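These numbers come from a predicted model, not from an experiment.
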Amino acid sequence: MDVESKNVVAANVSICVWDIPVRIFHWLVVVLVLVGWATQEIGGNAMTYHMWSGYTMLALLLFRLIWGFVGSQHARFGDFVRGPGAVVRHMLDSSKAPSAASHGHNPAGGWSVLALLTCLLVQAVTGLFANDEIVVEGPLVARVGQDMSNWITTIHRYNFNVLLGLIGFHIAAVLFYLFAKRENLILPMITGRKRVQRHLAIEGYTVGVWRAVAALLVAGGVVAAIVNFA
């Protein structure tokens with residue numbers, strides 16, 4: 001490492017960016033997508049686990065929607081959802097130094113997150129009405145009838161391909177930032193902390209764990225009610 005690089009590192013400080021609920025949510029979603037894909041490919045008795053992974057995914061997504069309004073600073077939608085103009089300016093200025101406003105998701109990344117959350121939500125919700133045309137069916141199939149269930153099942157299948165495309169784009173963006181811009185976006189999602197230039201270091205506000213527990217209980221309760229009583 002040359003002298004200039006050492007000076008840059010020394011000028012950086014570590015700040016808290018991602019709270020524990022956001023990090024747990026992120027990695028659990030990764031696991032559940034893999035489980036959902038694998039159990040679908042296996043079929044048979046594995047579909048029981050496919051359905052349970054879908055219920056868990058839906059509960060997590062509902063939690064994330066709640067957390068987007070009551071969670072820590074960088075977890076809130078208001079912190080990273082910007083208008084089209086902000087996204088364009090970010091893309092045009094992407095070669096410039098980062099600002100304090102991008103400690104969490106930058107404007108382009110914010111819309112990527114919304115797209116992923118929307119696609120995951122469509123996948124989880126349509127799964128409640130889907131069937132495998134053999135013996136397995138979602139808990140709400142009786143509410144819509146077989147013909148509608150078959151149509152929703154088609155959406156469920158094709159939406160997964162869209163989800164794979166969004167995941168591929170997300171991974172490509174992370175790798176671009178890692179190798180082209182020398183910005184590691186993976187480590188902060190593990191440790192919760194990010195190194196930034198000292199003059200841009202602004203700690204985001206956090207909230208108590210009890211709020212996350214309450215949000216999770218609400219989300220889990222809604223899914224349990226849908227599955228068991230709808």
Do you know which two heavy atoms are closest between [X] and [Y], and how far apart they sit?
X: G104; Y: V17; value: CA-CG1, 4.0 Å
X: G54; Y: A124; value: O-CB, 4.3 Å
X: G138; Y: M51; value: CA-CE, 4.2 Å
X: N12; Y: R195; value: O-NH2, 2.7 Å
X: A59; Y: A219; value: O-CB, 3.3 Å

Next on the checklist: Checking D19 against H74 for the side-chain contact (heavy atoms from CB on, under 4.5 Å) test, could you report, in this order, the C-alpha distance in whole Å, the side-chain angles of both residues, the deciding distance, and whether it holds?
Outcome noted: CA-CA 8 Å; D19 58 29; H74 298 304; over 6 Å; no
Sequence neighbours left out, what passes side chain to side chain contact (heavy atoms under 4.5 Å, CB included) with [X]? Give chain and number order.
X: I171; value: I167, L175
X: R211; value: W67, V70, R76, V207
X: A224; value: N228
X: V113; value: F80, H105, L117

Spell out, yes or no, whether [X] and [Y] are grouped together once hydrophobic residues are joined by side-chain heavy atoms under 4.5 Å, including indirect joins.
X: V30; Y: F169; value: no
X: L166; Y: F77; value: yes
X: W210; Y: L216; value: no
X: Y49; Y: F160; value: no
X: M148; Y: V136; value: yes

Checklist outcome for this item: Residues pairing under side-chain hydrogen bond (donor to acceptor under 3.5 Å, both in side chains) where one sits in residues 21-42, two or more places apart or in two chains, turn out to be T39-H50
Checking [X] now: which residues fulfil side chain to side chain donor-acceptor pair (under 3.5 Å) with it, not counting sequence neighbours?
X: S53; value: none
X: W18; value: none
X: N150; value: N131, Q146
X: N159; value: Q123

Item to check | Intermediate values then yes/no, side-chain contact (heavy atoms from CB on, under 4.5 Å), V218 and F63 | outcome: CA-CA 8 Å; V218 170; F63 163 79; over 6 Å; no
Checklist entry - Is any side-chain heavy atom of V144 closer than 4.5 Å to a side-chain heavy atom of W151? => result no
Checklist entry - Any side-chain heavy-atom pair from F129 and V125 closer than 4.5 angstrom? => result yes
Checklist entry - Stepwise, does the side-chain contact (heavy atoms from CB on, under 4.5 Å) test hold for L120 with L60? => result CA-CA 10 Å; L120 286 167; L60 285 175; over 6 Å; no
Item to check | Nonpolar side-chain network containing L217, other nodes, edges under 4.5 Å | outcome: V209, V213
Checklist entry - When clusters are formed from ILVMFWY side-chain contacts under 4.5 Å, directly or step by step, what else is grouped with V31? => result V35
Drop me the distance from [X]'s [atom1] to [Y]'s [atom2], to the nearest 0.5 angstrom.
X: T126; Y: L140; atom1: OG1; atom2: CG; result: 11.5 Å
X: L128; Y: S149; atom1: CG; atom2: OG; result: 11.0 Å
X: R193; Y: I15; atom1: CZ; atom2: CD1; result: 8.0 Å
X: L121; Y: L116; atom1: CG; atom2: CG; result: 12.5 Å
X: M47; Y: I42; atom1: CE; atom2: CD1; result: 10.5 Å
X: T191; Y: L187; atom1: OG1; atom2: CG; result: 4.5 Å

Checklist entry - How far apart are the C-alpha atoms of M189 and V22, what are their side-chain angles, what is the distance that settles it, and do they pass the side-chain contact (heavy atoms from CB on, under 4.5 Å) test? => result CA-CA 8 Å; M189 194 55 72; V22 166; 4.3 Å; yes
Item to check | Heavy-atom donor-acceptor pair, R64 side chain to A75 backbone, under 3.5 Å | outcome: yes
Next on the checklist: Between W52 and Y55, is the ring centroid distance below 6.0 Å?
Outcome noted: yes
Checklist entry - Excluding sequence neighbours, so at least two apart, what forms ring pair (Phe, Tyr, Trp, His ring centres under 6.0 Å) with Y158? => result none
Next on the checklist: Are there over 12 heavy-atom neighbours, none belonging to I20, within less than 6.0 Å of that residue's CD1?
Outcome noted: no
